[in-house]
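Read through the structure below, which is laid out as structure tokens, and then see the notes.
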Amino acid sequence: MTLGGSFALGPWQVRRAGYGAMQLAGDGVFGPPGDRDEALLVLRAAVAAGVNHLDTAQYYGSGTVNKLVREALHPYPDDLAIVSKVAARPDTDPALLRQGIEDNLATLGTQRLAAVNLRMTDPAEIPGRQFDAHLAALIQAREEGLIDGIGLSNISRLHLLRAVDQTEIVCVQNLFNLADQRSLDVLSECEARAIAFVPFCPLGLPGEQRHQLLADPVLATLGERLGVSPAQLALAWLIDLAPNILLIPGTRTRAHLAENLAAADLRLDEETRTELTRLGSRVR
């Protein structure tokens, strides 16, 4: 299993199939998991399978997920890139972002993170001085050796262009999947600049959008022909779409983890690629 090959995440070279730990929290991303033992086993299975890109956050389960990551994987493998995020509203004090980074480090039991994403609450907001101040807090953290790279999340192309004028950006995390391609312009800009693009909700937003996408008869027919699940096809489409896309689908079970990771090594023929492109145009 090659996990889709690899791509640069700043100074780190990571496999294109990673793992997002958000689902290890309880329902609503709150509190502890329903099956704590399985959560620990999922994390260990991911790393054992070759995953070296792990996405987490201090506010997942109010620190619960970071504690699980530490218990399962510490001391961390040398090649494991742990990426976190800090959320910024327009009125957020930049000092709180610095505190958020330090909280992640303390709970994870590490001195340095591979990257931290500055997550915006509203991608439609026009970036201005406050965005610059928030970005500056992460630049300072990088200069002090707390993080290796700076990422952005839930942003527009305007945010990205303003940010790269000020500093290096190593990754962007935006909502993107077959059913929602509104960030295609951001993906294209990232690809042109060799910036990793990490789609969150790669199978659609939880609820009706995800259900409609995975229940689509086109996915079912193509999946049956190829001997794979609709979810695997939707993930494989992302890997196939652009070389800078890194996947971090989440799950609470080892069986589902194995299914997600296997999707990264699916090879789409031209007919399948065309059908999936048509499906994406129809459902979004």
Legend entry - Chi angles and distances behind the side-chain contact (heavy atoms from CB on, under 4.5 Å) call for L276, L219: CA-CA 8 Å; L276 290 174; L219 275 185; 3.5 Å; yes
Legend entry - Full working for side-chain contact (heavy atoms from CB on, under 4.5 Å) between I195 and V164: CA-CA 10 Å; I195 296 171; V164 296; 4.2 Å; yes
Inset, instruction - Apply salt bridge (Lys or Arg N to Asp or Glu O under 4.0 Å) to R254 and E38, showing your working. - result: CA-CA 8 Å; R254 283 168 287 168; E38 181 67 8; 2.8 Å; yes
Inset, instruction - Decide yes or no on side-chain contact (heavy atoms from CB on, under 4.5 Å) for R142 and T167, but give the supporting numbers first. - result: CA-CA 11 Å; R142 186 187 59 198; T167 191; 2.7 Å; yes
Inset, instruction - Show your working on side-chain contact (heavy atoms from CB on, under 4.5 Å) between T272 and L226 and close with a plain yes or no. - result: CA-CA 9 Å; T272 302; L226 298 175; 3.9 Å; yes
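Taking each heavy atom of L235 and N260 in turn, the nearest pair found is CD1-OD1, 3.6 Å. In this structure, L213 and G204 approach most closely via the heavy-atom pair CD2-N, 4.4 Å. Of all heavy-atom pairs between V51 and L261, the closest is CG2-CD2, 3.7 Å. Listed here is the closest heavy atom pair of P202 and N177: O-CB, 3.2 Å. For the pair L247 and P199, the tightest heavy-atom approach, listed with the atom from each and the gap, is CD2-CG, 4.1 Å. Annotation for L9 and A81: closest pair CD2-CB, 4.4 Å, computed over non-hydrogen atoms.
Within the 4.5 Å cutoff, no side-chain heavy atoms of N52 are placed close to those of W12. Taking 4.5 Å as the limit, some side-chain heavy atom of T121 sits within range of a side-chain heavy atom of P90. The shortest side-chain heavy-atom distance between C171 and L246 does not fall under the 4.5 Å cut-off.
Under a hydrophobic-cluster definition in which Ile, Leu, Val, Met, Phe, Trp and Tyr are linked whenever side-chain heavy atoms come within less than 4.5 Å, directly or via other members, F200 and V186 are assigned to different clusters. Neither L205 nor V29 shares a network with the other; the hydrophobic side chains, linked directly or stepwise wherever heavy atoms of I, L, V, M, F, W or Y lie under 4.5 Å apart, form separate groups for each. With hydrophobic clusters built from ILVMFWY side chains whose heavy atoms lie under 4.5 angstrom apart, W237 shares a cluster with L203. No continuous path of hydrophobic side-chain contacts links L187 to V198 [ILVMFWY only; heavy atoms under 4.5 Å]. M22 and V83 fall into different hydrophobic clusters, where Ile, Leu, Val, Met, Phe, Trp and Tyr are joined by side-chain heavy atoms under 4.5 Å apart, directly or via other members.
Of the residues V65, L68, D27, the one that meets the side-chain contact (heavy atoms from CB on, under 4.5 Å) test with P33 is L68. Between N66 and the options T56, T110, T107, D103, a side-chain hydrogen bond (donor to acceptor under 3.5 Å, both in side chains) holds for only T56. None of V116, V170, L135 except one satisfies the side-chain contact (heavy atoms from CB on, under 4.5 Å) rule with I150; the exception is L135. Paired with L54 under the rule side-chain contact (heavy atoms from CB on, under 4.5 Å), one option of V14, L73, V47 passes, and it is L73.
For the pair N244 (side chain) and A194 (backbone), a donor-acceptor distance under 3.5 Å is absent. Judged by distance alone, with hydrogens and angles left aside, the side-chain atoms of R16 form no donor-acceptor pair with the main-chain N or O of F7 at under 3.5 Å. R162 places no side-chain N or O within donor-acceptor distance of the main-chain N or O of D132, the cut-off being under 3.5 Å. Remark: the backbone N or O of G50 is paired with a side-chain donor or acceptor of R15 at under 3.5 angstrom. Between the side chain of T64 and the backbone N or O of A25 there is no donor-acceptor pair closer than 3.5 Å. Judged by distance alone, with hydrogens and angles left aside, the side-chain atoms of H53 form no donor-acceptor pair with the main-chain N or O of I248 at under 3.5 Å. Under the 3.5 Å distance criterion, the side-chain polar atoms of R112 are matched with a main-chain donor or acceptor of G145. Proximity of a side-chain donor or acceptor of D148 to a complementary backbone N or O of A115 within less than 3.5 Å is not detected. Proximity of a side-chain donor or acceptor of Q181 to a complementary backbone N or O of S281 within less than 3.5 Å is not detected. The main-chain N or O of L108 is found under 3.5 Å from a side-chain atom of Y76 such that the two form a donor-acceptor pair.
Of the inter-residue distances, the one linking N174 atom CG with C201 atom SG reads 11.0 Å to the nearest 0.5 angstrom. D216 contributes atom CG, which lies 4.5 Å from atom CG of L279 (distance to the nearest 0.5 angstrom). With rounding to the nearest 0.5 angstrom, the CZ atom of F131 is 6.0 Å from the CG atom of L118. For the atom pair OG of S84 and CG of L105, the computed distance is 8.5 Å after rounding to the nearest 0.5 Å. Note that CG of L40 is 8.5 Å distant from CG of L24, once rounded to the nearest 0.5 Å. Going from atom CG of D165 over to atom CG of L160 covers 9.5 Å, rounded to the nearest 0.5 Å.
Considering only residues two or more places apart in sequence or on other chains, D269 meets the salt bridge (Lys or Arg N to Asp or Glu O under 4.0 Å) condition with R225. Qualifying salt bridge (Lys or Arg N to Asp or Glu O under 4.0 Å) partners for E71, counting only residues two or more places apart in sequence or in other chains: R36.
Enclosure of atom CG in D78 is not indicated, since only 12 or fewer non-hydrogen atoms of other residues, nucleotides or ligands lie within 6.0 angstrom. Annotation: Q111, atom CD; neighbour count of heavy atoms from other residues, nucleotides and ligands within 6.0 Å does not exceed 12. Annotation for Q13: atom CD counts as buried by contact number, over 12 foreign heavy atoms lying within 6.0 Å. Shown here is R273, whose CZ atom has more than 12 heavy atoms of other residues, nucleotides or ligands within 6.0 Å.
At least one test fails for R119 against the ring of Y59: distance under 6.0 Å to the centre or angle within 45° of the axis.
Relative ring orientation between F197 and F176 is described as perpendicular, the plane-to-plane angle rising above 60° on a 0-90° scale split at 30° and 60°.
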